[in-house]
Chemist: 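Structure incoming, see below.
Side-chain atoms are counted along with the backbone in the values below, which use heavy atoms only and exclude waters and symmetry mates. It should be emphasised that the depicted structure is a prediction, and the values quoted were computed from it without experimental measurement.
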Amino acid sequence: MGAGRNPQRVDSGRKPPLRNSPDELIRNAMTEPKIHPFRQHARILTASLVGTSVEFYDFYIYATAAALVIGPLFFPAQSPAARTLLAFMTFGLAFVARPVGAIAFGHFGDRIGRKSTLVASLMLMGGSTVAIAFLPTYAVAGPIAPALLCLMRFGQGFGLGGEWGGASLLAVENAPKGWEARFGAAPQLGAPVGFLFANGLFLALSLSLSPADFAAWGWRIPFLASAVLVGLGLWVRLKIGETAAFRAAMESAPPPRVPVRTLFVDHTRAVVAGTAGVVTCFAIFYLATTFALSFATKSLGYKMQSFLEVQLVANFALAIGIVVAGYWSDRTSPALPTLFPTGVRYTGISIAFNCGGILGGALAPFAASWLAQTGGVAYVGLFLTLAGGVTLLGVRFAPALPVRSVPVR
């Protein structure tokens, strides 16, 4: 009866599992080690961090030079107090240029993409900075010297106007769900990193050069060194692709023909709230750096080297605060990027951030110097209090943000 049968063959009636079937893919996904989001997107985060570090380095070396040497070199015919005020006015000029750059770069960033716009902004900012290293002083070129200085400052501000917003979106729009604020902290860390290099280099020069040599030519070295940093930033940024959110938005609908018009017609409240919300961060930083350095060395008699060392220590506290704020913000909603839809987001956050920079950054050193000279340094605290009130109003009256409860992982 058993003839012709293979006693070792057992047919269970079940087919072997297919390769790459959904069940197998799920099993493999569960057994494969997970890659940490920071490692998975390391190139994106590096491009975001390096670019803003270069940009803020360029901006801060001018802030330091304005506090130390710009007045005597480019406005020697004025009184010492007037030199300081004029130097801070050239510093503030770049903040006026930043919203103009935000509109221009935001237009192309929202229409053709984040990557190419970021490359252009970096080249403009870096080129303007390097050019300052070769400017003649008033003693050589007369009134042409401060005119050229103001032109280069406008170029710096115009480039930075398109830089911060694009670098932030590069990180945030590539972030996994629930990691937006922590990814968004990467470009913000460019502020303390850029300040570290800028102040560190000025400190090294002040320790190795005599005051006469520093005033004669040493102050130009940080501006010239920017060429190396810009080259590094371009090399990193040219190796990245477009953000995932922008690609998805382009596939679903064409971009606005004029993003800035759409922004102010449909999102005016968000622009006002975002602008007010960043005023204090600018005011605190530039009062603690540019104004404090000038006031401490010229009015209080502190040595420049000693005060630069104090600022470097404070800079590390700033970096720690940014990281902590990123983790904390992911427990609720990262505010500024979520105020605007993808189609006008580059323009929106760039204009809000840079208009807030005029109120809190451009005015801060100038207003603080004037207040200190007329009413005493205690009045500077009133300026900071006023800035804090503006920011509080911006945060409280911002448009409702999407409620999200995401555990910090």
Side-chain angles (χ1 to χ4, degrees), residues 49-71 73 87-88 90-95 98 121-122 124-135 149 152-153 155-157 159-160 163-164 167 187-209 214-215 217-233 281-282 284-297 302-319 322 357 361-362 364-365:
L49 171 62
V50 170
T52 53
S53 297
V54 173
E55 299 285 359
F56 281 104
Y57 166 86
D58 289 354
F59 220 68
Y60 295 157
I61 58 175
Y62 190 87
T64 306
L68 299 176
V69 298
I70 292 298
L73 292 177
F88 286 154
T90 64
F91 173 75
L93 176 62
F95 285 94
R98 286 169 70 158
S121 69
L122 183 63
L124 176 60
M125 176 76 175
S128 300
T129 303
V130 174
I132 292 178
F134 299 97
L135 288 182
L149 179 66
M152 294 303 103
R153 282 297 291 159
Q156 278 188 312
L160 187 56
E163 165 60 29
W164 181 89
Q188 319 320 321
L189 285 172
V193 171
F195 182 82
L196 176 66
F197 281 105
N199 240 32
L201 184 52
F202 268 104
L203 178 60
L205 290 172
S206 66
L207 292 173
S208 58
L209 299 176
F214 179 82
W217 55 270
W219 66 273
R220 298 179 184 270
I221 294 177
F223 293 94
L224 188 61
S226 177
V228 178
L229 300 177
V230 170
L232 175 62
C281 80
F282 279 99
I284 291 175
F285 187 86
Y286 286 106
L287 286 178
T289 54
T290 305
F291 165 74
L293 178 61
S294 175
F295 187 80
T297 55
Y302 283 89
K303 292 183 179 180
M304 179 178 64
Q305 296 88 342
S306 300
F307 205 80
L308 288 174
E309 291 170 354
V310 171
Q311 288 186 327
L312 285 177
V313 174
N315 187 63
F316 285 102
L318 171 63
I322 290 174

Chemist: I need the minimum non-hydrogen distance between S53 and V193, along with the two atoms involved.
Modeler: OG-CG1, 3.4 Å

Chemist: Let me see the working for F197 and Y60 under side-chain contact (heavy atoms from CB on, under 4.5 Å), right down to the final yes or no.
Modeler: CA-CA 9 Å; F197 281 105; Y60 295 157; over 6 Å; no

Chemist: Take L293 and Y302 through the test side-chain contact (heavy atoms from CB on, under 4.5 Å) and record every step on the way to the result.
Modeler: CA-CA 9 Å; L293 178 61; Y302 283 89; over 6 Å; no

Chemist: Have a look at N199 and tell me which of I61, L308, T289 forms a side-chain contact (heavy atoms from CB on, under 4.5 Å) with it.
Modeler: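 Exactly one option meets the side-chain contact (heavy atoms from CB on, under 4.5 Å) with N199, and it is L308.
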
Chemist: Looking only at side-chain N and O atoms, does Q156 offer a donor or acceptor that is under 3.5 Å from a partner on T129?
Modeler: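 Q156 and T129 do have a side-chain donor-acceptor pair below 3.5 Å.
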
Chemist: If only atom types and distance count, is the side chain of Q188 paired as donor or acceptor with the main-chain N or O of L49 below 3.5 Å?
Modeler: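 Pair absent, no side-chain N/O of Q188 close to backbone of L49.
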
Chemist: Check the pair Y286 / F91 against ring pair (Phe, Tyr, Trp, His ring centres under 6.0 Å), numbers first and verdict last.
Modeler: CA-CA 11 Å; Y286 286 106; F91 173 75; 5.3 Å; yes

Chemist: Looking only at atom types and distance, does a side-chain atom of S294 sit under 3.5 Å from a main-chain N or O of T290, one as donor and one as acceptor?
Modeler: no

Chemist: Is the backbone N or O of T90 less than 3.5 Å from a side-chain atom of R153, with the two atoms forming a donor-acceptor pair by type?
Modeler: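 Answer holds: yes.
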
Chemist: Could you tell me whether the side chain of Q305 and the main chain of L203 form a donor-acceptor pair under 3.5 Å?
Modeler: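 A pair under 3.5 Å: no.
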
Chemist: Atom CZ of residue position F223 - does it have more than 12 heavy atoms of other residues, nucleotides or ligands inside 6.0 Å?
Modeler: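 It does: F223 CZ has more than 12 such atoms within range.
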
Chemist: Measure centre to centre between the rings of F285 and F195, then say whether the value is under 6.0 Å.
Modeler: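 That pair passes the under 6.0 Å test.
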
Chemist: Any side-chain to backbone donor/acceptor pair from Y57 onto G190? Under 3.5 Å, distance only.
Modeler: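 Judged by distance alone, no pair lies under 3.5 Å.
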
Chemist: Return the minimal non-hydrogen interatomic distance between G155 and L124, and the atom names on each side.
Modeler: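 Closest pair (atom of G155, atom of L124, distance): O-CG, 3.8 Å.
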
